[in-house]
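See structure below.
Side chains are part of it too, since the values below use all heavy atoms of this structure and drop only hydrogens, waters and symmetry mates.
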Amino acid sequence: QVQLVESGGGLVQAGGSLRLSCAASGRSFSTYTMAWFRQAPGKEREYVAAIRWSGATTYYANSAKGRFTISGDNAKNTLYLQMNSLKPEDTAAYYCAACSGYICFDRRSVAYWGQGTQVTVSS
(Lines give C-alpha, C1' and ligand atoms only; values in the text may rest on other atoms or scores of the structure.)
Protein backbone atom coordinates (compact mmCIF):
# COMPACT_ATOMS: atom_id res chain seq x y z
CA GLN A 1 0.00 0.00 0.00
CA VAL A 2 2.94 2.34 0.68
CA GLN A 3 6.21 2.53 -1.21
CA LEU A 4 9.26 4.20 0.30
CA VAL A 5 12.38 5.05 -1.70
CA GLU A 6 15.51 6.38 0.00
CA SER A 7 18.24 8.46 -1.61
CA GLY A 8 21.14 10.70 -0.63
CA GLY A 9 23.58 8.17 0.76
CA GLY A 10 27.23 8.12 -0.18
CA LEU A 11 30.80 8.38 1.01
CA VAL A 12 31.76 11.25 3.29
CA GLN A 13 34.71 12.08 5.52
CA ALA A 14 34.36 12.18 9.28
CA GLY A 15 32.92 15.51 10.37
CA GLY A 16 31.05 15.96 7.13
CA SER A 17 27.33 16.05 6.40
CA LEU A 18 24.75 14.20 4.35
CA ARG A 19 21.04 14.68 3.79
CA LEU A 20 18.96 11.58 3.24
CA SER A 21 15.57 11.68 1.55
CA CYS A 22 12.67 9.25 1.58
CA ALA A 23 10.01 9.67 -1.08
CA ALA A 24 6.69 8.10 -0.19
CA SER A 25 3.91 7.01 -2.51
CA GLY A 26 0.55 5.41 -1.88
CA ARG A 27 -1.43 6.46 1.18
CA SER A 28 -0.99 9.89 2.67
CA PHE A 29 2.40 10.47 4.25
CA SER A 30 0.82 12.36 7.14
CA THR A 31 -1.26 9.39 8.32
CA TYR A 32 1.84 7.54 9.54
CA THR A 33 4.54 8.03 12.10
CA MET A 34 7.75 8.06 10.08
CA ALA A 35 11.19 6.99 11.19
CA TRP A 36 14.75 6.28 10.18
CA PHE A 37 16.59 3.10 11.12
CA ARG A 38 20.08 1.94 10.28
CA GLN A 39 21.88 -1.37 10.09
CA ALA A 40 25.60 -2.05 10.02
CA PRO A 41 27.00 -5.41 8.87
CA GLY A 42 26.64 -8.05 11.56
CA LYS A 43 24.36 -5.89 13.69
CA GLU A 44 20.62 -5.61 14.19
CA ARG A 45 18.67 -2.81 12.59
CA GLU A 46 18.48 0.04 15.09
CA TYR A 47 16.26 3.05 15.54
CA VAL A 48 17.71 6.48 14.72
CA ALA A 49 14.91 9.07 14.70
CA ALA A 50 11.13 9.43 14.32
CA ILE A 51 8.57 12.14 13.63
CA ARG A 52 4.87 12.27 14.51
CA TRP A 53 3.05 14.62 12.17
CA SER A 54 -0.06 15.18 14.27
CA GLY A 55 1.90 16.75 17.09
CA ALA A 56 4.91 17.90 15.07
CA THR A 57 6.95 15.91 17.55
CA THR A 58 10.38 14.47 16.87
CA TYR A 59 12.33 11.77 18.68
CA TYR A 60 15.99 10.79 18.52
CA ALA A 61 18.17 7.96 19.63
CA ASN A 62 21.01 9.03 21.90
CA SER A 63 23.49 8.37 19.11
CA ALA A 64 21.70 10.86 16.85
CA LYS A 65 20.65 13.57 19.28
CA GLY A 66 22.43 16.86 18.66
CA ARG A 67 23.83 15.77 15.29
CA PHE A 68 20.87 14.54 13.23
CA THR A 69 17.60 16.27 12.38
CA ILE A 70 14.49 14.52 11.10
CA SER A 71 11.93 16.52 9.14
CA GLY A 72 9.25 16.11 6.51
CA ASP A 73 7.57 17.97 3.69
CA ASN A 74 3.92 16.97 3.40
CA ALA A 75 3.47 18.76 0.08
CA LYS A 76 6.28 16.71 -1.45
CA ASN A 77 5.45 13.57 0.55
CA THR A 78 9.10 13.32 1.49
CA LEU A 79 10.93 12.53 4.72
CA TYR A 80 14.44 13.83 5.41
CA LEU A 81 17.32 13.07 7.71
CA GLN A 82 19.97 15.75 7.95
CA MET A 83 23.16 14.24 9.35
CA ASN A 84 25.96 16.50 10.58
CA SER A 85 29.25 15.82 12.33
CA LEU A 86 29.30 12.32 10.94
CA LYS A 87 31.46 9.68 12.59
CA PRO A 88 32.82 6.39 11.23
CA GLU A 89 30.43 4.60 13.61
CA ASP A 90 27.53 6.10 11.63
CA THR A 91 28.46 3.88 8.69
CA ALA A 92 25.42 1.74 7.89
CA ALA A 93 22.56 1.18 5.51
CA TYR A 94 19.85 3.67 6.39
CA TYR A 95 16.20 2.71 6.04
CA CYS A 96 13.08 4.81 5.90
CA ALA A 97 10.13 3.34 7.80
CA ALA A 98 6.42 3.99 8.24
CA CYS A 99 4.44 2.95 11.32
CA SER A 100 0.66 2.92 11.37
CA GLY A 101 0.55 3.72 15.07
CA TYR A 102 2.15 6.41 17.18
CA ILE A 103 5.03 4.22 18.32
CA CYS A 104 7.84 3.82 15.80
CA PHE A 105 10.92 3.07 17.88
CA ASP A 106 11.14 -0.65 17.22
CA ARG A 107 11.17 -2.85 14.12
CA ARG A 108 8.06 -4.63 15.37
CA SER A 109 6.08 -1.40 14.96
CA VAL A 110 7.06 -0.83 11.33
CA ALA A 111 4.43 -1.43 8.65
CA TYR A 112 6.51 -0.47 5.60
CA TRP A 113 10.23 -0.32 4.85
CA GLY A 114 12.28 1.34 2.15
CA GLN A 115 15.09 -0.52 0.41
CA GLY A 116 17.82 1.44 2.15
CA THR A 117 20.62 3.78 1.17
CA GLN A 118 24.25 3.23 2.12
CA VAL A 119 26.13 5.79 4.19
CA THR A 120 29.87 5.33 4.59
CA VAL A 121 31.94 7.64 6.78
CA SER A 122 35.71 7.48 6.41
CA SER A 123 38.12 8.40 9.18
Is the shortest side-chain heavy-atom distance between Leu79 and Ile70 below 4.5 Å?
yes
Does any non-hydrogen side-chain atom of Phe68 lie less than 4.5 Å from one of Asp90?
yes
Heavy atoms, side chains only, cut-off 4.5 Å: are Val119 and Arg38 in contact?
no
Charged tip of Arg19 within 45° of Tyr80 ring normal and under 6.0 Å:
yes
So does Ala24 get a backbone contact from the side chain of Asn77, meaning a donor-acceptor N/O pair under 3.5 Å?
yes
Can you give me the closest heavy-atom contact between Pro88 and Ser123, atom names plus distance?
CG-CB, 3.9 Å
Got a sec, which pairs hit side chain to side chain donor-acceptor pair (under 3.5 Å) with one end in residues 103-114, sequence neighbours left out?
Gln1-Tyr112, Asp106-Arg108
For a quick test of reading the model, state the closest non-hydrogen atom pair linking Tyr60 to Ala49 and the distance between them.
CD2-CB, 3.6 Å
Using the test salt bridge (Lys or Arg N to Asp or Glu O under 4.0 Å), find all partners of Glu89 that sit at least two apart in sequence or belong to another chain.
none
So do Cys104 and Met34 actually touch side chain to side chain, heavy atoms under 4.5 Å?
no
Are side-chain heavy atoms of Val12 and Met83 found at a separation under 4.5 Å?
no
Minimum heavy-atom separation for Leu18 and Leu86, please, with both atom names.
N-CD1, 3.9 Å
side-chain contact (heavy atoms from CB on, under 4.5 Å) for Thr91 and Gln118? Distances and angles first, verdict last.
CA-CA 8 Å; Thr91 296; Gln118 180 66 37; 4.0 Å; yes
Closer than 3.5 angstrom, by distance alone: can the side chain of Arg67 be matched with the main-chain N or O of Ser85 as a donor-acceptor pair?
yes
Around atom CD of Gln3, are there more than 12 heavy atoms from other residues, nucleotides or ligands closer than 6.0 Å?
no
Atom pair CG (Leu81) and OG1 (Thr69), whose distance is rounded to the nearest 0.5 Å
8.0 Å
Step through the shown structure and confirm whether more than 12 heavy atoms of other residues, nucleotides or ligands are within 6.0 Å of CG on Leu11.
yes
Please tell me if the side chains of Tyr59 and Tyr47 come closer than 4.5 Å, counting only heavy atoms from C-beta onward.
yes
Between Tyr94 and Glu6, is any pair of side-chain heavy atoms under 4.5 Å apart?
no
Is there a path of hydrophobic side-chain contacts, each under 4.5 Å between heavy atoms of I, L, V, M, F, W or Y residues, that connects Trp36 with Val2?
yes
Cluster check Ile103, Val48: I/L/V/M/F/W/Y, side chain < 4.5 angstrom
no
Please test Tyr32 against Cys99 for side-chain contact (heavy atoms from CB on, under 4.5 Å), starting from the C-alpha separation and ending with a verdict.
CA-CA 6 Å; Tyr32 295 91; Cys99 298; 6.0 Å; no
Does Thr33 use its side chain to pair, donor to acceptor, with the backbone of Gly101 at less than 3.5 Å?
yes
For Gln115, does the CD atom sit with more than 12 other heavy atoms under 6.0 Å from it, leaving out its own atoms?
no
Quick one: do Asn84 and Ser17 satisfy side-chain contact (heavy atoms from CB on, under 4.5 Å)? Show the steps, please.
CA-CA 4 Å; Asn84 299 324; Ser17 299; 2.9 Å; yes
